[in-house]
Structure formats: C-alpha cells, structure tokens
S.K.: 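Quick one: the structure is below, and I'll ask about it shortly.
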Amino acid sequence: MTVQPAGSGDIVVGIDPDRDWHLALSWAADEAQRRRLPLRLVLAVPPQHDAHHVDGTPGRTALSQAGSERLGQACGWVRDRHPEVAVTGDLLGGFPAGVLGGVAREARMIVLGSRHLSRTAEVFSGGSLVVPVTAQARCPVVVVGDVEHISRQPPYVVAGVDGGASAAAALAFAFDEADLRGAGLRVVCVWQRPLIMLDDERTALREQRTTLSEATAGLSEKYPDVHVTHEVLTGRPVEELAQAAEHALSVVVGRHGRGGHTGMRIGSVVHGLLHRAHCPVITVPTD
C-alpha cells in the first residue's frame, strides 16, 4: 500500500445539499482509507439575502443551517463506515464551482458526484460542477456517476493513453490506483484511421503498441504486482474507452492544463467520458 507523506493534502468531496451524496462520498471514504489520507467534506452556500424570498425560496441563513445539518449527517456516515479516517466538514460561502476550484489547490484529489447532464446543460447550468471544477483543478478529479460494481474478475482499472504529454501523469496515477486496489491495469490507446495514411495500418498499429510498452516500462518495474495489458483499439476514442471501462473500477485519463470557467478546454475525450462512462472517471492534470 502506498502511504502518502504528511501534509500532502487531503481528499475533498463536494457535497450537494439537493442530491444524494452517498455514491461520491462512499468512493472518497474508501479511497481515503486506502491511501491513509484525511477526508474533507465541502458544502458551498451561494450568496443570498438573509431572508426568505418572495417566492418562498429559503435565504442564506436557512440554507446555511440546512447545509450544516447535511454536513453533520455526511461526516457521521463516514465515521460509521471508516472510524479510522479523519473527516472534517466545511461550510463555505460562494458558488460551488468557484469554492471547490479554490479548495482543490491544496487537495490531493477532489471527488464529485455527477448529474449526467447533457454537455450543453453541464456547461451552462448555474449549478453545474463537473466541467468547471475538472477544468480548473490542479489535482486529480474523480467523477462518480454510478454505483461501483465489479462484474468481472479479476478487477481492473483502465488507463486511456493518447501518446501526448498528459499520458505520463495519467499512467502514474493509474498504476498507483491499481496497486492500492490489488487490481489489474488495462492500458488502452484508441487509434483513428487518418484521412491520409503515410504507412499501412498494420505498421501504424505496431507503432502504437510499441509506444504503449515504452510508456509503461518504468512503471511496471515500480509496481511489479500490477498485471498490465496493452491494447490498441480502433474507432472513436470516447466510445472505445467507455466500452473498455464498462466493467472497470475506474477509467483514468489525462487532461491538458486548466481551462476557463466553462471548462471548454478539458478536451473532447474527457468531456465525452464524463457523460458516457458508467464507472468513476478520474482525470489527471499534466501540471
């Protein structure tokens, strides 16, 4: 088991007061237990007047009280599940995406639940979290949309590799995650046939397999207990990765830099996986 050094940050979970938080919190609590890290629950209260609105919507005072109660329930639930995990709850003022983006600067990772909104709704919804936080966070972001399940044995983690600079960070995280869980690792590259091919398809696929082997060589030595397979698939990256991860513990992919508030720069593959994959999607920044 990998033991993180003291002061290396905690695992942060965004608590949505209007939705069931158990899926994301259970994943995060189990991860905190495996990594021996503290767990920090964050609930953001948007700025409002301290009075009930004319339409009956509760003001900030009522929202803060309800948020405190929800945090207390969530913290108690974690303590019952993993008594050894140090858990704290923070009620912070501000819009959720901005609050969680700021908290992520000092976090080891941040865990969010997913509403499975459409791409347009996720970008423009006032309450959306997944895309803007994923785009801005300086740490890995885990999006938990469905109940974790293992329908195939042995369990495995999928790492999507595109051959770019983001591959190294994603692979390192994926190896560590697989090692912590005693799982195998499927390293997957999806090859799309270009409009103009300089080499034949067989040569191109062989080069992709060589790239995968070279990318994982040092990590395989570091994690000798992780059984690794290399797979070069053909087709559309989002569809192929989502299918490869259908029965996985998680799918890990890299993301390029930090985009603006709307998160339009997280990349089409990451964006697609956030809405297509049923297992937790872990995105790892390159810097």
S.K.: Are any of the side-chain heavy atoms of Val228 and Tyr223 separated by less than 4.5 Å?
M.R.: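 They are not in contact (no side-chain heavy atoms under 4.5 Å apart), so the answer is no.
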S.K.: Using a strict threshold of under 4.0 Å (side-chain N to carboxylate O), is an ion pair present between Asp16 and Arg70?
M.R.: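 Looking at Arg70 and Asp16, the cut-off is not met.
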S.K.: What's the separation between atom NE2 in His22 and atom CG in Leu25, rounded to the nearest 0.5 Å?
M.R.: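 One gets 7.5 Å once the value is rounded to the nearest 0.5 Å.
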S.K.: Do you know the tightest heavy-atom contact between Ala244 and Arg186?
M.R.: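 Heavy atoms of Ala244 and Arg186 come nearest at O-NH1, 3.2 Å.
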S.K.: Grab the two heavy atoms, one from Leu273 and one from Val281, that are nearest each other, plus how far apart they are.
M.R.: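 Minimum heavy-atom separation between Leu273 and Val281: O-CG2, 3.7 Å.
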S.K.: Would you find a donor on one side and an acceptor on the other, under 3.5 Å apart, between the side chain of Asp90 and the backbone of Leu92?
M.R.: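 No: the side chain of Asp90 does not pair with the backbone of Leu92.
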S.K.: State which residue, out of Arg34, Arg35, Arg108, Arg181, fulfils the salt bridge (charged side-chain N to carboxylate O under 4.0 Å, His left out) condition with Asp176.
M.R.: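 With Asp176 as partner, salt bridge (charged side-chain N to carboxylate O under 4.0 Å, His left out) holds for just one option, Arg35.
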S.K.: Nearest 0.5 Å please: distance from the NE2 atom of His271 over to the CZ atom of Arg276.
M.R.: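 With rounding to 0.5 Å, NE2 (His271) is 13.5 Å from CZ (Arg276).
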S.K.: Which distance, rounded to the nearest 0.5 Å, do you find between the CG of Leu233 and the CG of Leu205?
M.R.: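 Leu233 atom CG to Leu205 atom CG measures 10.0 Å (nearest 0.5 Å).
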S.K.: Tell me if a side-chain donor or acceptor on Gln136 pairs with a main-chain N or O of Pro132 at a distance below 3.5 Å.
M.R.: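 Such a contact is found between Gln136 side chain and Pro132 backbone.
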S.K.: To check you understand the geometry: which heavy-atom pair defines the closest contact between Ile282 and Pro140, and what is its length?
M.R.: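 So the two residues come closest at CG2-CB, 4.4 Å.
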S.K.: Is there a side-chain contact between Val157 and Val226 in this structure, where contact means two heavy atoms from C-beta onward sitting under 4.5 Å apart?
M.R.: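 A side-chain contact under 4.5 Å is absent here.
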S.K.: Where do Ala277 and Val251 come nearest, in terms of heavy atoms and distance?
M.R.: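 The pair with the smallest heavy-atom distance is CB-CG1, 4.4 Å.
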S.K.: So Thr229 and His227, side chain to side chain contact (heavy atoms under 4.5 Å, CB included) or not? Walk me through it.
M.R.: CA-CA 7 Å; Thr229 61; His227 176 68; 3.8 Å; yes
S.K.: Under the side chain to side chain contact (heavy atoms under 4.5 Å, CB included) test, which residues partner Pro17, sequence neighbours left out?
M.R.: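 Residues passing side chain to side chain contact (heavy atoms under 4.5 Å, CB included) with Pro17: Leu43.
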S.K.: Under 3.5 Å, side-chain donor or acceptor atoms of residues 95-103 against the rest of the protein: list the pairs with distances, not counting sequence neighbours.
M.R.:
none

S.K.: Identify the two heavy atoms, one from Ala248 and one from Cys279, that lie closest to each other, and give their separation to 0.1 Å.
M.R.: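 What the structure gives for the nearest pair is O-CB, 3.4 Å.
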S.K.: Quick one: CD on Glu221 to OG1 on Thr216, what's the gap to the nearest 0.5 Å?
M.R.: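 Taking CD in Glu221 and OG1 in Thr216, the distance rounds to 10.0 Å.
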S.K.: So do Val141 and Arg255 actually touch side chain to side chain, heavy atoms under 4.5 Å?
M.R.: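 Answer yes - side chains close enough.
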S.K.: Would Val238 and Ser268 count as a side chain to side chain contact (heavy atoms under 4.5 Å, CB included) here? Give the steps.
M.R.: CA-CA 8 Å; Val238 173; Ser268 60; 5.9 Å; no
S.K.: Taking the side chain as every heavy atom from C-beta outward, state whether Val111 and Glu31 have any atom pair closer than 4.5 Å.
M.R.: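 Counting from C-beta outward, Val111 and Glu31 never come under 4.5 Å.
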S.K.: Quick check: do Glu240 and Val188 have side-chain heavy atoms less than 4.5 Å from each other?
M.R.: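 Heavy-atom side-chain distance check fails, nothing below 4.5 Å.
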S.K.: Just wondering, are more than 12 heavy atoms of other shown residues or ligands nearer than 6.0 Å to CZ in Arg81?
M.R.: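 Correct, the count exceeds 12.
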S.K.: Does atom CD of Glu231 have more than 12 heavy-atom neighbours, drawn from other residues, nucleotides or ligands, at distances under 6.0 Å?
M.R.: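 Count over threshold, so yes.
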S.K.: Salt-bridged, Lys222 to Asp179, with N to O below 4.0 Å?
M.R.: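 So Lys222 does not pair with Asp179 through a salt bridge.
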S.K.: Starting at CG of Asp30, measure out to CD1 of Ile11 and round the result to the nearest 0.5 Å.
M.R.: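 Reported value, rounded in 0.5 Å steps: 10.0 Å.
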S.K.: Rounded at 0.5 Å granularity, tell me how far CG in Asp80 sits from NE2 in His82.
M.R.: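 NE2 of His82 is found 11.5 Å from CG of Asp80.
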S.K.: Under the criterion side chain to side chain contact (heavy atoms under 4.5 Å, CB included), I'd like the reasoning laid out for Leu37 against Asp10: C-alpha separation, chi angles, the key distance, then a yes or no.
M.R.: CA-CA 6 Å; Leu37 286 174; Asp10 44 18; 5.6 Å; no
S.K.: Tell me the closest heavy-atom pair linking Gly235 and Val190, and the distance in Å.
M.R.: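 Looking at all heavy atoms of both residues, the closest pair is O-CG1, 3.4 Å.
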S.K.: Find out whether Leu91 and Ser64 are in side-chain contact, i.e. whether some heavy atom of one side chain is under 4.5 Å from a heavy atom of the other.
M.R.: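 A side-chain contact exists here, since the closest heavy-atom pair is under 4.5 Å.
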